[in-house]
Amino acid sequence: MNLDFATTALLANMTLAEAPTLDSLSPEEARLAYSDIVKGLPDGPDSIASETTSVPVDGGAIDCRVLKPVGKASSVIIYYHGGGWVFGNIDDYDGLGRHISERCNAIVVLVNYRKAPEHKFPIPVNDCYAALNWVNDNIEKIAGARLPIIVAGDSAGGNLSAVVAQKAAREKGPKVDLQILAYPVTDGRMDTAGWKDDARQLFLTSNMMEYFWRHYANEDQFSHPDASPLLADDLEKLDELAPAIVLTAEYDILREEGEAYAKKLEEAGHKVVYKDFKRQIHAFLALAEVLPAGFEAIDWMNTQIETHFKSVEEFDAIIVGAGFSGMYQLHKLRQMGLNVRVFEAGTGVGGTWYWNRYPGARVDIESVAYSYSFSEELQQDWVWSEKHATQPELLEYANHVADRFDLRKDIQFEAKVASAYFDDDKNEWLVTLEDGRAARAQYLIMASGVLSASKKPDIPGYDNFKGDTYNTGAWPHDPVDFSGKRVAIIGTGSSGIQTIPIVAQQAEELCVFQRTANFSTPALNRSLSDNEIQEIKNDYAGFRKELRKSRGGFTSPEIHVDRASDTSSQEISSRFKIAWDSGLLPGFFHSFGDILTDEKANEAAQEFIRNRIREIVKDEQTKEDLLPNSHPYGTKRPCLDTNYYETFNRDNVSLVNLRRTPIDTITEKGIKTSDAEREFDAIIFATGFDAMTGPLLRVDIRGSQGKRLEEVWADGPQSYLGLTVHGFPNMFTINGPSSPSVLTNMIVSIEQHVDWICDCIDWMKKSQKSRIEANRSAELEWAEHTAQIADTTLYPQAESWYVGANVPGKPRAFLAYVGGAGVYREICDQIAQSGYHGFEAH
Ligand code: N01
């Protein structure tokens, strides 16, 4: 016998408690004993709404309890509880009903059919059928729409479901769309193999089964098809019979009964999905709270329901997102001969550069470096017009790539992914869109971006404002004209700092609400000359090679690795001046090797930048307020700007320092701070993103055995290499948490991840493996390594989105790998060369 540990523990507890077997009790005593056991279990999710209604039936009335999940349900499951037709009721099954409702996103109707021996066969059958009719007649009222109807039940309830489904088909009654039978009783002859096998009688014995049958029906009724659905002789003729999902438990006296019924239905031409749950005993579904395999069964049921009701397209790989990562991933997998589908929420390609259309948006890494390297023809043909490309030019580039490589034919636009569930039986992902469409694939690649989950700011009165509101991360597609308008902007990160100078030129008045003064240095943007471009193109491959080896994938005139503390103050000033004048993001990082590890070195850089701000800004108070002094330089993402500090010298621009006068609330007309209420025509929110984890957790991702990513990451994300997560086989996350991603030139990191994923999939194919998963110990070791090197830096000192500090309640963890993109690439390559050390594949 090979039971799982939870089952072994349950049976051991029962033995030690020396509880009487139910067949030694009167029906009334058995009911009380069972209710007592169930009372000890947790209540089930309280997010489920519950309403009990009395439903008239022949000779009386029964209670039906309607359990509704949060949000829009996709089906109605009429659930007939188990208990040998003798015990059990809707209170005993309330917890299970709630779990089924939540996990299957279904309205569950629990039916309190009358029990034997007071109400013998066929009364329970008739009550259950009456409940089906009641649901069918009142479905609009119960569900708000004509949702599919499923009959389901376990044990004796499975028997009743099978019988009700047959009856509905035979009598041309209400349409049953699906029947779910969990370890059902199907055969009253009581002579299958399980009846003679002690190993199959661990929870439910032959004596108990006999007790139930004898209380339920007279002997001459045992073989009646309404009592023994297996013995129905007209199954071939029941064209309307609902497709069946049948599950059994390996160590259950009823296993053969369920198996035989599934087989008979199939032979009669009906659609059946059958699964025997290994190492499980009778009632494991009903006891899900103590036997976790019960939850696995519910999730399996859910996958079967989803698969059944959706027309599911099949692919080799599904990619979520058609930004720069999704596009390259699609191109490369297609070149390998895979059948791929990309789902993209927007109407076009480009990801970040599709959504962030705010005025002034442009990349703060040099365009010649922030572009694909995978195609020599592409990089030779494309001509960047400026040192830092604007958002429209980047979007044009993305569209050019999509056209050039004919990507659009495999991208489904306006397709927002709602959920992705892993199917352990098939080693496949079932991906469902918000509009209900679904697809399956062996591989799921989350190319959903790292700064794509725009964050609603936690400001009181957010919805009060009656004027126009804008979010930099989801800017309208049509140009916005702020001429003659009084405009407020909240947020002074990269987005705010780029928006402010442009809006200031248009608006009648611009008021900047700043909570944290940020470090920004001039971008010194300019047109690129033909000569400059040609010089890069003469050896583009060599240029890319250098980027790949580097720490951040950035360009920079010179990279110094010596310590500031070993350097004269004159030399320090001279290097910082070069950094300031370079107009490059990594300028200051590359000035010394210890800018991000030594407080003094960092303080020197901070002071250099503060002095430049002091020189630029004229108004004394504004100058003081703009000086960043809450965090070391670089520990919040530094910004590159065009005339940001100069903009505060304009007459139409003002600054509100929220550290001195915090926002009380947003009002109908404007923004009320502790000192005044200011009125505006428009408010721009440049308040950032739920970075790195947000785009992944906004999809309901459930891995092996129904494990939810949200639960697994409740205390912070854990990932092996930022590429894969233990418990989530065949899923890859491009630029995922604990990879270098946001600390680097994203395109360099994207290409590295895509190439690695493709090599891995190719290896899987060649070694004929269907499932790969990071093992837990490798994941932990990687987490330890990433945390340990982050702790050697100044990064953890800042309240930044790098550590999740900008989202209330988000667990604190440094979200990227600090060790450098070049080093990281070496590690990933070594893992691949070792035959994927740290992974389990079969
Ligand atoms: O977002 P952010 P972002 N009340 O989180 C403030 C990349 N990017 O969209 O610092 C008042 O940086 C918040 O204040 P505080 C780049 O990696 C790149 O600007 O939390 N204020 C902060 O000032 C960047 O880092 C490019 O105190 C509130 C601002 O809003 C990342 O995207 C361009 C607030 C948010 O700044 C995110 O940049 C743009 C509240 N309740 C973005 N909540 C380029 O390549 C938040 N704030 C050029």
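Owing to the predicted nature of the structure, the values given are computational and were not obtained by experimental measurement. Just so you know, ligand 1 is whichever comes first in the structure, and atom 1 is the first atom listed for that ligand.
- Residue contacts with ligand 1: Trp353 is placed with no nitrogen or oxygen under 3.5 Å of a nitrogen or oxygen of the ligand (distance criterion only).
- When every heavy atom of Phe689 is checked against every heavy atom of Val807, the shortest pair comes out as O-CG2, 4.3 Å.
- Proximity to Arg362 (heavy-atom distance under 4.0 Å) selects the following atoms of ligand 1: 44 (C), 45 (O), 48 (C).
- Ligand 1 has Lys455 within reach: a non-hydrogen atom of the residue lies less than 4.0 Å from it.
- Using cut-offs of 30° and 60° on the angle between ring planes, the pair Phe592 and His560 is tilted.
- No heavy atom of Gln514 sits closer than 4.0 Å to any atom of ligand 1.
- Neither the backbone nor the side chain of Phe513 has any atom closer than 4.0 Å to an atom of ligand 1 (non-hydrogen atoms only).
- Ranking the protein heavy atoms by distance from atom 35 (C) of ligand 1 puts Ala686 O, 3.3 Å first.
- A perpendicular orientation is assigned to the rings of Tyr397 and Trp382, their planes being inclined by more than 60° (bins at 30° and 60°).
- Cation-pi check for Arg357 over Tyr354 is met; the charged atom lies under 6.0 angstrom from the ring centroid and within 45 degrees of its normal.
- Cation-pi check for Arg515 over Phe513 is not met; the charged atom does not lie both under 6.0 angstrom from the ring centroid and within 45 degrees of its normal.
- Taking atom 14 (O) of ligand 1 as the reference point, the nearest protein heavy-atom neighbour is Arg515 NE, 3.7 Å.
- A salt bridge links Arg812 with Glu799: the closest approach of a Lys/Arg side-chain nitrogen to an acidic carboxylate oxygen falls below 4.0 angstrom.
- Side chain to side chain, Ser375 and Arg404 fail the donor-acceptor criterion of an N or O pair below 3.5 Å.
- At a cut-off of 3.5 Å, with distance as the only test, a side-chain donor of Asn602 or Gln606 sits close to an acceptor on the other residue.
- Ranking protein heavy atoms by distance to atom 36 (O) of ligand 1, first place goes to Gly493 CA, 3.5 Å.
- Here the heavy atom of the protein found nearest to atom 17 (O) of ligand 1 is Arg637 NE, 3.3 Å.
- In this structure, Leu524 and Asp581 approach most closely via the heavy-atom pair CD1-O, 3.0 Å.
- Note on ligand 1: Tyr358 sits in its first shell, one or more heavy atoms being nearer than 4.0 Å.
- Taking both residues in full, the closest heavy atoms of Ala579 and Ser582 are given as O-OG, 2.7 Å, listed atom of the first, atom of the second, then distance.
- In terms of heavy-atom proximity, Tyr817 sits nearest to Ile827 at OH-CD1, 3.7 Å.
- For the residue pair Ala369 and Thr555, the shortest heavy atom distance occurs at CB-CG2, 4.3 Å.
- When each atom of ligand 1 is checked for a heavy atom of Ile459 under 4.0 Å away, the hits are 4 (N), 40 (C), 41 (N).
- For ligand 1, the atoms closer than 4.0 angstrom to any heavy atom of Asp458 are 41 (N).
- For atom 6 (C) of ligand 1, the closest heavy atom belonging to the protein is Gly491 CA, 3.7 Å.
- Classification of Arg362 and Glu386 as a salt-bridged pair holds, one side-chain N sitting under 4.0 Å from a carboxylate O.
- Each of the atoms 11 (C), 21 (N) of ligand 1 lies under 4.0 Å from some heavy atom of Ile490.
- Ligand 1 is never approached by Thr472 to a heavy-atom distance shorter than 4.0 Å.
- Distance from atom 10 (O) of ligand 1 to its nearest protein heavy atom, with residue and atom name: Lys636 NZ, 2.8 Å.
- Using a 4.5 Å cut-off on side-chain heavy atoms (C-beta onward), Trp475 and Val480 make contact.
- When the options Leu451, Ile365, Asn471 are ranked by their closest heavy atom to atom 7 (C) of ligand 1, first place goes to Leu451.
- The closest protein non-hydrogen atom to atom 9 (O) of ligand 1 is Ser495 OG, 2.6 Å.
- Nearest-residue assignment for atom 16 (C) of ligand 1 (options Ser494, Gly688, Pro457; heavy-atom criterion): Ser494.
- Taking the ring centroids of Phe519 and Phe588, they lie at or beyond the 6.0 Å cut-off.
- For His331 and Phe374, the distance between ring centers is under 6.0 angstrom.
- Taking every non-hydrogen atom of Phe689 and a distance limit under 4.0 Å, the qualifying atoms of ligand 1 come out as 9 (O), 37 (C).
- For ligand 1, the atoms closer than 4.0 angstrom to any heavy atom of Leu658 are 11 (C).
- Of all protein heavy atoms, the one lying nearest to atom 37 (C) of ligand 1 is Trp801 NE1, 3.8 Å.
- For the pair Asn806 and ligand 1, the shortest N or O to N or O distance does not fall below 3.5 Å.
- Near Thr492, meaning under 4.0 Å from any of its heavy atoms, are these atoms of ligand 1: 22 (C), 23 (O), 29 (C).
- Between Val742 and ligand 1 there is no heavy-atom distance shorter than 4.0 Å.
- Against a heavy-atom cut-off of under 4.0 Å, Thr516 is close to the following atoms of ligand 1: 10 (O), 15 (P), 27 (O).
- Distances shorter than 4.0 angstrom do not occur between any heavy atom of Glu799 and any atom of ligand 1.
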